[in-house]
Amino acid sequence: MIVWLNGTHGAGKTTTSALVQQLIPDSRVFDAEKVGETLMDIKPGLPSTNNFQHWPPWRPLVVETARRVLDFTGGTLVMPMTVLVEPYWREISAGLAEHAIEVRHFVLHADQVTLRRRIEGDSVMGPSSFRLEYLEPYAEAARTWLHDEAEVIDTTHLTPEQAALRIAESVTKG
């Protein structure tokens, strides 16, 4: 099984994924961003883009990597990864379904004011214009398709521990 934690930057995916992993037996965190980083390391570089998800190899490589890890380890992968482009989500979820991998899709949501405050006040990564640029695309995806495709966990007034507990309870209850 895959527990996919979606949502925009600042929603708490990375922090929450580590906590979810502690609550779900036999689980591991797999950050699909590392697949993108591998593609970014290719020299000479791939065609220029502002987001590695736009590179066609990224999506099937995420599917194949997750499949291979699950074949090797079994259990559950907790995957914190923002995917806001609907055709990309469809490609990934269809690829996982082809391998009979169950996906529990969660969106960590917070209102725009809270997200902006979190991003601007991030003491680990620092303020990030890159992260702020995704607030409106996230809002658009949430309005048009994303919230219909997932279980939405509103983190506006939740601690990461509370969000992780809600996700783990949802997953273990079936």
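Since the model is a prediction, treat every value here as computed from it, not as a measurement. What's counted below: heavy atoms across the whole structure, side chains too, no hydrogens, waters or symmetry copies. Residue indices begin at 1 and follow the sequence shown.
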key: Side-chain donor/acceptor of Asp154 to backbone N/O of Ala110, under 3.5 Å   = no

ask   = Which residues, ordered by chain and number, are linked to Leu165 in its hydrophobic cluster, where ILVMFWY side chains connect at heavy-atom gaps below 4.5 Å, directly or through other members?
value = Leu23

inquiry  = Checking Ser170 against Arg104 for the side-chain contact (heavy atoms from CB on, under 4.5 Å) test, could you report, in this order, the C-alpha distance in whole Å, the side-chain angles of both residues, the deciding distance, and whether it holds?
reply    = CA-CA 9 Å; Ser170 179; Arg104 293 292 305 274; 2.7 Å; yes

inquiry  = Check whether Gln162 reaches the backbone of Thr155 with its side chain - one donor and one acceptor, N or O, closer than 3.5 Å.
reply    = no

request  = Return each pair, listed once, that meets side-chain hydrogen bond (donor to acceptor under 3.5 Å, both in side chains) where at least one residue sits in residues 68-81; pairs must be two or more places apart or across chains.
outcome  = Glu64-Arg68, Arg67-Asp71

query = Is there a side-chain contact between Met1 and Val3 (heavy atoms, below 4.5 Å)?
reply = yes

task = Mark yes or no for whether Lys13, through its side chain, and Gly7, through its backbone, hold a donor-acceptor pair below 3.5 Å.
result = yes

ask   = So do Leu108 and Asn6 actually touch side chain to side chain, heavy atoms under 4.5 Å?
value = no

Contact check, side chains of Val35 and Phe30, non-hydrogen atoms, under 4.5 Å = yes

inquiry  = Checking Thr49 now: which residues fulfil side chain to side chain donor-acceptor pair (under 3.5 Å) with it, not counting sequence neighbours?
reply    = none

ask   = Which value, rounded to the nearest 0.5 Å, describes the distance between Gln53 atom CD and Trp58 atom CH2?
value = 4.0 Å

key: ILVMFWY cluster, Ile2 and Val107 together (side-chain gap under 4.5 Å)   = yes

note = For Gln112, the side chain to side chain donor-acceptor pair (under 3.5 Å) test, sequence neighbours excluded, returns none

inquiry  = Does any part of the side chain of Val29, heavy atoms only, come nearer than 4.5 Å to the side chain of Pro80, both counted from C-beta?
reply    = yes

query = Say you draw a straight line from CD1 of Ile153 to CD1 of Ile167; how long is it, rounded to the nearest 0.5 Å?
reply = 5.0 Å

ask   = Linking I/L/V/M/F/W/Y whenever any side-chain heavy atoms sit under 4.5 Å apart, do Leu5 and Trp145 land together?
value = no

query = Do the side chains of Ile119 and Val113 join up, straight or via other hydrophobic residues, at under 4.5 Å, putting them in one cluster?
reply = no

inquiry  = Using every non-hydrogen atom in the two residues, find where Gly74 and Asp26 come nearest and quote the distance to one decimal.
reply    = C-OD2, 4.2 Å

task = For residues Arg118 and His9, determine if any side-chain heavy atom of one lies less than 4.5 Å from a side-chain heavy atom of the other.
result = no

query = Same cluster for Met40 and Ile42 if Ile/Leu/Val/Met/Phe/Trp/Tyr side chains link at under 4.5 Å?
reply = yes

request  = Show your reasoning for whether side chain to side chain donor-acceptor pair (under 3.5 Å) applies to Thr114 and Asp111.
outcome  = CA-CA 5 Å; Thr114 300; Asp111 62 58; 2.9 Å; yes

Name the atoms and distances for all side-chain donor-acceptor pairs under 3.5 Å in residues 86-99, with sequence neighbours left out.
| from | atom 1 | to | atom 2 | distance (Å) |
| --- | --- | --- | --- | --- |
| Glu86 | OE2 | Arg90 | NE | 3.4 |
| Glu86 | OE2 | Arg90 | NH2 | 2.8 |
| Tyr88 | OH | His54 | ND1 | 2.9 |
| Arg90 | NH1 | Glu149 | OE1 | 3.0 |
| Arg90 | NH1 | Glu149 | OE2 | 3.4 |
| Arg90 | NH2 | Glu149 | OE2 | 2.8 |
| Glu91 | OE1 | Arg59 | NE | 2.7 |
| Ser93 | OG | Trp89 | O | 2.8 |
| Ser93 | OG | Arg90 | O | 3.4 |

ask   = Would you find more than 12 non-hydrogen atoms of other residues, nucleotides or ligands less than 6.0 Å from Arg166 atom CZ?
value = no

key: Joint hydrophobic cluster, Leu61 plus Val85, side-chain heavy atoms closer than 4.5 Å   = yes

inquiry  = Whether the side chain of Gln22 engages the backbone of Leu19 through a donor-acceptor N/O pair (distance < 3.5 Å, no angle test) should be reported.
reply    = no

inquiry  = Run Met79 and Val62 through side-chain contact (heavy atoms from CB on, under 4.5 Å) and show every step you take.
reply    = CA-CA 10 Å; Met79 296 182 61; Val62 166; 3.8 Å; yes

message = Would the distance check show the side chain of Thr15 and the main-chain N or O of Gly12 forming a donor-acceptor pair, the cut-off being under 3.5 Å?
response = no

request  = Would you name the heavy atoms of Pro60 and Pro57 that are closest together and state the gap between them?
outcome  = CD-O, 3.4 Å

What side-chain donor-acceptor pairs closer than 3.5 Å can you find for residues 129-141, not counting sequence neighbours?
| from | atom 1 | to | atom 2 | distance (Å) |
| --- | --- | --- | --- | --- |
| Arg131 | NH1 | Asp122 | OD2 | 2.8 |
| Tyr134 | OH | Asn51 | ND2 | 3.1 |
| Glu136 | OE2 | Arg143 | NH2 | 3.1 |
| Tyr138 | OH | His109 | ND1 | 2.6 |
| Tyr138 | OH | His147 | NE2 | 2.9 |
| Glu140 | OE1 | Arg143 | NH2 | 2.8 |

ask   = Do the non-hydrogen side-chain atoms of Val78 and Arg28 ever get within less than 4.5 Å of each other?
value = no

note = d(Glu33 CD, Glu37 CD) to nearest 0.5 Å is 5.0 Å

request  = Check for a donor-acceptor pair, side chain of Trp55 on one end and backbone N or O of Ser48 on the other, with a separation under 3.5 Å.
outcome  = no

inquiry  = Evaluate Val171 against Phe106 for side-chain contact (heavy atoms from CB on, under 4.5 Å), listing each step before the verdict.
reply    = CA-CA 10 Å; Val171 168; Phe106 294 87; 3.8 Å; yes

